[in-house]
There are 2 protein chains.
Amino acid sequence: MNDRYREPGQASGQTSLADIAAEAGVSVSTVSRIANGDLGRASAATVAKVQRLIAERGYRPNPIGRSLRGGDSRLVAMLAPNLDNPAMAAIAASTEAALRAAGYVMILCDTHDRPDLQDEYLRAMRSRFAEGFIVVSAVASPELEASLDRREPIVFVNRRNPYGGGPFIGIDNRQAGADAADHLLACGVRAPAVIHPTELSSTIRERVEGFLDRLEERRPGLTVRRYDGPGDNHLDCGYAASRRMAADGGWPDGVLCPSDLMAYGLFRAAGEQGVRIPDDCLPVGIDDNDLNDWIAPWLSSIKIPYRRFGDAIVTSLRDLRAGGSVGEVLLPHQLIRRRSGGETIEN
Amino acid sequence: MNDRYREPGQASGQTSLADIAAEAGVSVSTVSRIANGDLGRASAATVAKVQRLIAERGYRPNPIGRSLRGGDSRLVAMLAPNLDNPAMAAIAASTEAALRAAGYVMILCDTHDRPDLQDEYLRAMRSRFAEGFIVVSAVASPELEASLDRREPIVFVNRRNPYGGGPFIGIDNRQAGADAADHLLACGVRAPAVIHPTELSSTIRERVEGFLDRLEERRPGLTVRRYDGPGDNHLDCGYAASRRMAADGGWPDGVLCPSDLMAYGLFRAAGEQGVRIPDDCLPVGIDDNDLNDWIAPWLSSIKIPYRRFGDAIVTSLRDLRAGGSVGEVLLPHQLIRRRSGGETIEN
DNA sequence: ACAGTTAAGGCAAACGTTTGCCATGTTCAA
DNA sequence: TTGAACATGGCAAACGTTTGCCTTAACTGT
């Protein structure tokens, strides 16, 4: 192509089985077996010689050759919508670490929540011999359905399999909504409201339902104001919904924001209208973004242990590949109470 | 392995050249050539037949086979420290999009700023035939040096090549520091201070130097208080440095925080001590996190156009692989002024 | 009619692995 | 002494692709 910059790892690069074999005066098969720990198939002398050469030349098996042969590729694809969302970044970071610890390499694909991109990535990764898929906030798409039909190992995170079944990692969203309701009532909120995106995912729906059901249970007959907002991301949704809410009947004394980003949208709208948060209006979020402790001391939020998702995901993926039947893993959430001053009180 | 879950893309999966060839009654070579657009090597009838079959069976060339052969892998590795940092997430997201648009797939590796992990990933990616590397905030490491020696295509982002030279995407950090100084002076700050991490990267050093130099130029003889803070991340550094600053001589009327995260750390320390931000102490950040507009209306910050990094990175990578000599790309930054009320005034 | 050209397409090697099977040679028991 | 078992290790196919070179047949010009 050009002589200034070489392809990395190309022919002249890495030492291959053949190089070692030639130098040791044995066949590639023998070297391969020794490299893979099958030491009983060669004499002690041969094993020693080959092992020495492997160490000396820094031989590392080429994953490409391996995958082609049909062995494992040690590649796992993670499909996530929009990395800009700090929650996604947290999941990605913890999954990456867990996979690396298990000897895998993660390919991260940003699907922008679009079914067509999700499909494109599923195809691309399949033909790259990805050994498994982690789909965060999956959307229904033809290729996803096809993958499920082929019984490919797929772990769903955050949002359940739109076609039902399959392993799932997340929290008990209904319970989280109920906990949020309890929190608002405990803080003396009389007329709570709820905002949510116009387009409801199953995750958000469950949180809102859990919230409403718990309120109905504890305050029968109480009407809960409910506003939705349009937008690509939860920041915009939260902002738009809050403005609708303010225009419709003024600010309530408490609001469930089913994601922290929506709470940030509410915060902005409140600031613009001179409404003091949390004194005039007490929001409760779900996610508990790491930054809350630093710059959003006004936001109590239900912490989702995204840092722990990685391990759970890798465990599920392994069980799946081992043929075990894998169900849902619901990790524990926890309300983090914050007061405006910035002190955090964990219960 | 087991019959419940299959490897995706394995033998029984994707249609291969051989499948098409068998069905069309021609050789693999012919199909390969037609699939790659070399239409002059077969009769019109053959071309039509093969093209029809390719479309019908949904044939897509297997990238593994291609890479192995020595062709291109369309794989690019991005090594980033700590995805938790919103700035890194923004760079990763925009790069992913730009690479996908250019037909590449990005592998994202979290190096945690550790030289040994950076090395491990460089090796792993090289043997997977990555066509190029994007190293964000590179640290010096043996394998990086080796990669440079082999003239592999590496683009450095955010932090310059620790061994010097090579293409770089970033901003003019000295100028950004100077702009921050101008801003503080314009806001009437009399005795500005600066906080920074104890471990100085070249990026942060440049920002701080630009700040101090500009102050010396405009206010000769002015002594600028300077505090560093330990910690793994800039949040902790900023917090620790701020507390040191407060303990040492009280809060200044203005502070340069060479990253937004450090400003968040300062904000928390100020909140704990009852210091009002920005009224008592005016911070200026560098980065301009997207969330500032929503929940940090008190923070004026120098916006780094992370969203535009992706395109610049891909362009550099292409030029590099085409053999062109690629230098530094400094993208324009811009001060975003915010007032406590939340309104944004861009200049 | 014959050499030369062109069209059409197949052969086979190469990339790096893994693995079932075969080929030696040695040892051991009956 | 002869068969069996075992130790040691090589052969070759297979994965999917690309490409230099070869073959065959038809066509062209003289």
Side-chain angles (χ1 to χ4, degrees), chain A residues 1 6-22 24-50 54 57 59-75 124 126-129 131, chain B residues 1 6-22 24-50 54 57 59-75 124 126-129 131:
Chain A
M1 178 171 297
R6 282 207 0 250
E7 307 294 309
Q10 225 60 322
S12 43
Q14 308 280 83
T15 52
S16 72
L17 277 186
D19 298 335
I20 304 283
V26 298
S27 74
V28 261
S29 338
T30 303
V31 182
S32 171
R33 283 191 269 255
I34 293 174
N36 289 325
D38 183 1
L39 303 182
R41 299 277 318 231
S43 67
T46 307
V47 168
K49 180 167 53 176
V50 169
I54 285 180
R57 300 280 176 272
Y59 166 77
R60 296 168 69 96
N62 181 328
I64 298 278
R66 243 186 200 167
S67 331
L68 189 55
R69 172 59 220 266
D72 42 26
S73 65
R74 313 302 290 176
L75 229 49
R126 181 156 45 234
S127 61
R128 283 203 155 76
F129 296 113
E131 290 185 20
Chain B
M1 178 171 298
R6 285 209 355 253
E7 307 292 309
Q10 227 61 322
S12 44
Q14 308 278 83
T15 53
S16 72
L17 275 187
D19 299 335
I20 304 282
V26 298
S27 75
V28 259
S29 335
T30 303
V31 182
S32 172
R33 282 191 269 254
I34 293 175
N36 288 325
D38 183 1
L39 303 182
R41 300 275 318 229
S43 69
T46 307
V47 168
K49 180 167 52 177
V50 169
I54 286 180
R57 301 278 175 275
Y59 166 75
R60 296 167 69 97
N62 180 327
I64 298 279
R66 247 192 196 159
S67 326
L68 189 54
R69 174 56 220 264
D72 42 25
S73 65
R74 313 302 290 175
L75 227 50
R126 180 158 45 233
S127 62
R128 282 203 154 76
F129 296 113
E131 291 186 18

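We name chains A, B, ... by the order of the sequence lines, and we start the count at 1 in each one. We use all heavy atoms of the structure for the numbers below, so side chains are in, but hydrogens, waters and symmetry mates are not.
- In this structure R57(B) satisfies the side chain to side chain donor-acceptor pair (under 3.5 Å) test together with E23(B), sequence neighbours excluded.
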Check: protein-nucleotides 4-6 of chain C nitrogen or oxygen pairs below 3.5 Å:
none

May I have the list of side-chain donor-acceptor pairs in residues 39-48 of chain B shorter than 3.5 Å, sequence neighbours left out?
from, atom 1, to, atom 2, distance (Å)
S43(B), OG, T46(B), N, 3.2
S43(B), OG, T46(B), OG1, 2.8

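- Qualifying side chain to side chain contact (heavy atoms under 4.5 Å, CB included) partners for A22(B), counting only residues two or more places apart in sequence or in other chains: none.
- Within the nucleic acid shown, I64(A) has no heavy atom closer than 4.0 Å to any nucleic acid atom.
- Counting any heavy atom pair closer than 4.0 Å across all strands shown, P63(A) reaches no nucleic acid atom.
- For S43(A), a side-chain nitrogen or oxygen approaches OP1 or OP2 of dG9(D) to under 4.0 Å.
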For residues 29-36 of chain B, which side-chain N or O atoms pair as donor and acceptor with protein atoms under 3.5 Å away, sequence neighbours left out?
from, atom 1, to, atom 2, distance (Å)
S29(B), OG, S27(B), OG, 3.4
T30(B), OG1, S27(B), OG, 3.3
N36(B), OD1, R66(B), NH2, 3.1
N36(B), ND2, S32(B), O, 3.2

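- As a whole-Å value, the separation of L17(B) CG from dC15(D) P is 13 Å.
- In this structure, F129(B) atom CZ and dG16(D) atom P are separated by 17 Å, rounded to whole Å.
- For I64(B), the side chain to side chain contact (heavy atoms under 4.5 Å, CB included) partners are I64(A), S67(A), L68(A), F129(A), N62(B), not counting sequence neighbours.
- The residue R66(B) sits close only to the backbone: its heavy atoms come under 4.0 Å of sugar-phosphate atoms, none of a base.
- Contacts between residues 28-40 of chain A and DNA chain D, counted as heavy-atom distances below 4.0 Å, involve S29(A), T30(A), R33(A).
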Are any protein N/O atoms closer than 3.5 Å to N/O atoms in nucleotides 23-28 of chain C? If there are, list each pair with its distance.
none

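- Atom CZ of R126(A) and atom P of dG16(D) are 15 Å apart (whole Å).
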